[in-house]
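Not measured: the values here are computed from a predicted model. Letters A, B, ... mirror the listed sequences (proteins, then strands); counts begin at 1.
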Amino acid sequence: MNSLRKQLNCITSKSYIKTITYRCLATVTEEITRQNDIFVAEQQRQKEEVGRIEKIEVQYEGVPANETLVMNKFLSTPYDCAKHLGDKIRDKSVVALLNGETLWHMHRPLPDSCRLELLHYNIPNPAAVNKTFWRSCSFLLGAVISDAFKDNVNVQLHSFPSPNVKSGSFVYDVQLSLDDWKPTESELKVLSIEMIKFCQKEFHLECLDVSKDIALEIFQNNPHKTQQIPDIAEHNGDKVTLYKAGTHIDISKGPMVPNTRHLGRITVANAIKLDTDIPGGPIYRFQGVALPAAITLNHFAYSILEERARILNSARIPGSQGVDNEDNSFISRIAQ
Amino acid sequence: MNQAEVTKLVSQLRIKVNSRLRKFRNPKGPEERLNKLRKTVTALIKHERIELNYPRADEARMYAERLISDAIRYGDCHKTTMEMADYWLVEKQLIHKLFKVLAPRYENYTVAYTRMLPAPRSYPGYLKAVLELKGNPYPSLLPDTHTNRNLIHNVLLDEAKKAYRMQKYKEIANKVEDRVRAEAQAAGAQSSQPVDVKSNTENAEVSESSQKELNKEVEVKDK
């Protein structure tokens with residue numbers, strides 16, 4: 001990338017380079033464009049399929065007051081409801097709770113009349129919220145890794161295990177074409193900074209249910225995901241739930257946080273080579289630790305968390321047998 | 001070389017002292033500036049928490065800190081300190097409060113006696129602040145992120161603490177094991193039974209004492 005920048009430097013003026021490098025070099029490869037085109041087309045199709053708009057009643061419970069909102073069926077999301085309730089609530093809500101039992105992604109259209117609660121990080125029992133946050137961190141870590149390496153390194157995202165905050169780190173397992181890579185301090189720092197930069201772009205995390213065929217088409221160049229998709233679809237009524245942040249698309253059961261700006265402090269702590277029998281190259285487990293922007297912690301306490309995140313996470317190590325993606329169904333019960 | 005150390009002549013404040021004082025807008029001159037600040041310092045000592053414009057809060061904070069630290073340092077029998085208190089506290093009953101309530105309260109503090117927090121602005125560009133005395137009886141202005149152990153950072157910290165403890169226990173167990181092994185080797189060919197019993201009891205003692213040590217260590221770390 002630098003060499004290309006240098007070449008461009010000879011030809012053109014500085015401001016022009018900026019736009020060009022931003023447009024051409026800033027990560028948008030052909031593969032990503034192809035995936036995004038399919039995703040956006042499918043999203044558009046689903047929106048048009050709604051047809052005649054019906055109204056639903058959403059009973060909001062919580063601060064500042066209980067309210068009844070009249071929303072659009074299959075179009076309005078909990079995020080839209082939160083917008084009616086004010087900026088503060090819109091920005092701090094992490095995940096919606098429908099009828100007191102179903103966790104619902106903030107950008108996922110509501111299918112029916114329901115009771116709605118909006119959860120945030122500072123509630124008495126935020127276990128579900130923490131899990132949501134941790135899952136989003138894994139997802140975003142994947143987004144950063146798929147983008148951070150040079151072109152000569154082949155990166156194939158494999159999967160991330162079910163989020164477990166108590167393990168001390170969020171995880172993404174990735175196949176790299178590097179034989180025995182031990183990341184240096186500065187490499188990890190660069191990864192952390194890339195992740196922070198990515199989150200500062202304030203992308204919405206969009207959510208879409210697609211059929212098996214479309215999912216296979218999107219992930220046709222990723223052998224691991226292609227292998228996982230049939231099994232995931234089987235457990236999820238022949239649908240696969242995709243999430244998208246910026247241009248990165250990944251499979252996950254969800255729910256996730258509504259926006260990348262929810263992440264405050266982020267550290268990519270370590271990448272450890274795993275001992276697996278997956279063909280095609282070594283699998284590395286990327287680990288990190290992050291805190292929501294709404295929660296501040298002093299640097300000493302945070303450094304303890306960072307130290308702990310360096311130790312290998314004990315989550316299940318993926319093997320060639322069996323699908324180990326956490327995605328079996330979209331709807332995650334709160335009792336989990 | 002027999003000079004007094006200048007830094008020890010006045011009490012060192014635990015807040016950042018501005019290099020240049022603010023003048024404020026005063027048609028009546030510098031004396032009026034001090035009168036304004038006297039009012040603010042008096043109000044702070046009286047109410048323990050006040051909301052005001054940021055520059056005035058920042059300025060008054062320094063005088064309040066100095067007044068309290070002098071009251072702690074010299075006590076109420078020191079003439080100069082009493083005069084200063086008399087000057088800075090417009091309402092005279094507050095002099096009693098300064099020496100009898102605040103000085104004992106802050107005696108053992110190692111941090112600043114006041115806290116200043118940014119407050120919502122009434123208009124863009126006009127900064128507001130809340131200035132308060134620490135240890136006041138009002139509910140805290142900052143959200144309580146400590147008592148709820150289910151919050152994400154508390155979950156992470158608690159688990160880190162557990163992991164640290166486990167690691168320490170393991171280290172101690174290893175140490176004890178090594179010692180027992182060494183003793184057994186030293187005993188060598190001697191009759192094995194009494195040695196075994198002895199080592200067992202010792203083992204228990206050692207583990208007890210080491211556990212105490214560990215608990216102390218962990219507590220220190222928690223603090």
Side-chain angles (χ1 to χ4, degrees), chain A residues 87-88 92 94-95 119-137 163-170 257 262-267 269 287-315 334, chain B residues 14-16 51 109-112 114-124 128-130 132 134 139-174 214-223:
Chain A
D87 285 4
K88 271 268 161 67
K92 81 172 179 183
V94 182
V95 65
L119 308 182
H120 57 90
Y121 299 106
N122 221 338
I123 52 178
N125 194 2
V129 180
N130 293 348
K131 218 167 177 183
T132 306
F133 177 76
W134 221 234
R135 181 184 292 117
S136 320
C137 290
N164 179 9
V165 180
K166 287 190 172 176
S167 69
S169 54
F170 54 81
V257 299
H262 276 249
L263 276 74
R265 250 177 143 154
I266 310 166
T267 311
Q287 299 183 176
V289 66
L291 286 177
I295 287 175
T296 50
L297 195 61
N298 64 61
H299 68 95
F300 177 75
Y302 188 72
S303 72
I304 293 173
L305 302 186
E306 281 181 321
E307 275 310 309
R308 176 136 190 268
R310 283 183 221 294
I311 304 164
L312 176 66
N313 192 307
S314 57
I334 198 155
Chain B
R14 281 101 179 219
I15 56 168
K16 186 176 159 273
E51 184 182 343
Y109 267 46
T110 51
V111 288
T114 58
R115 182 185 293 125
M116 193 164 69
L117 298 166
R121 294 168 303 177
S122 53
Y123 190 75
K128 287 269 185 183
V130 171
E132 65 177 355
K134 282 181 187 167
S140 171
L141 286 173
L142 297 167
D144 175 23
T145 53
H146 185 72
T147 43
N148 185 354
R149 301 315 289 176
N150 292 324
L151 298 182
I152 189 163
H153 61 295
N154 289 336
V155 172
L156 287 166
L157 283 172
D158 287 347
E159 287 301 317
K161 187 166 139 190
K162 246 186 234 171
Y164 176 77
R165 273 184 187 218
M166 285 313 292
Q167 192 198 333
K168 280 280 162 194
Y169 281 133
K170 220 179 250 175
E171 273 172 27
I172 289 165
N174 284 343
L214 170 71
N215 280 341
K216 253 184 217 169
E217 234 173 81
V218 170
E219 266 168 31
V220 167
K221 180 125 201 203
D222 288 348
K223 274 174 195 172

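- Of all residues spanning residues 116-124 of chain B, none has a heavy atom less than 4.5 Å away from chain A's heavy atoms.
- A pairwise comparison of heavy atoms in B:Leu151 and A:Asn130 identifies C-ND2, 4.1 Å as the closest pair.
- Under the side chain to side chain contact (heavy atoms under 4.5 Å, CB included) rule, B:Ile152 has a single partner from A:Leu297, A:Asn122, A:Leu291, A:Val129, which is A:Leu291.
- Neither the backbone nor the side chain of A:Tyr302 comes within less than 4.5 Å of any heavy atom of chain B.
- A donor-acceptor contact shorter than 3.5 Å links the side chain of B:Asn148 to the backbone of A:Pro124.
- Using a 4.5 Å cut-off between heavy atoms, A:Ala301 touches chain B through backbone and side chain atoms alike.
- Of all the listed residues (B:Asp158, B:Leu156, B:Leu157), the one sharing the greatest number of non-hydrogen pairs under 4.5 Å with chain A is B:Leu156.
- The NE2 atom of B:His153 sits 9.5 Å away from the CG atom of A:Asn298 when rounded to the nearest 0.5 Å.
- Closest approach of A:Arg308 and B:Ala163 over heavy atoms only: NE-CB, 3.6 Å.
- Counting non-hydrogen atoms of neighbouring residues, nucleotides and ligands closer than 6.0 angstrom, the NZ atom of B:Lys134 exceeds 12 such neighbours.
- No part of A:Ile311 comes within reach of chain B, as not one of its non-hydrogen atoms sits under 4.5 angstrom from that chain.
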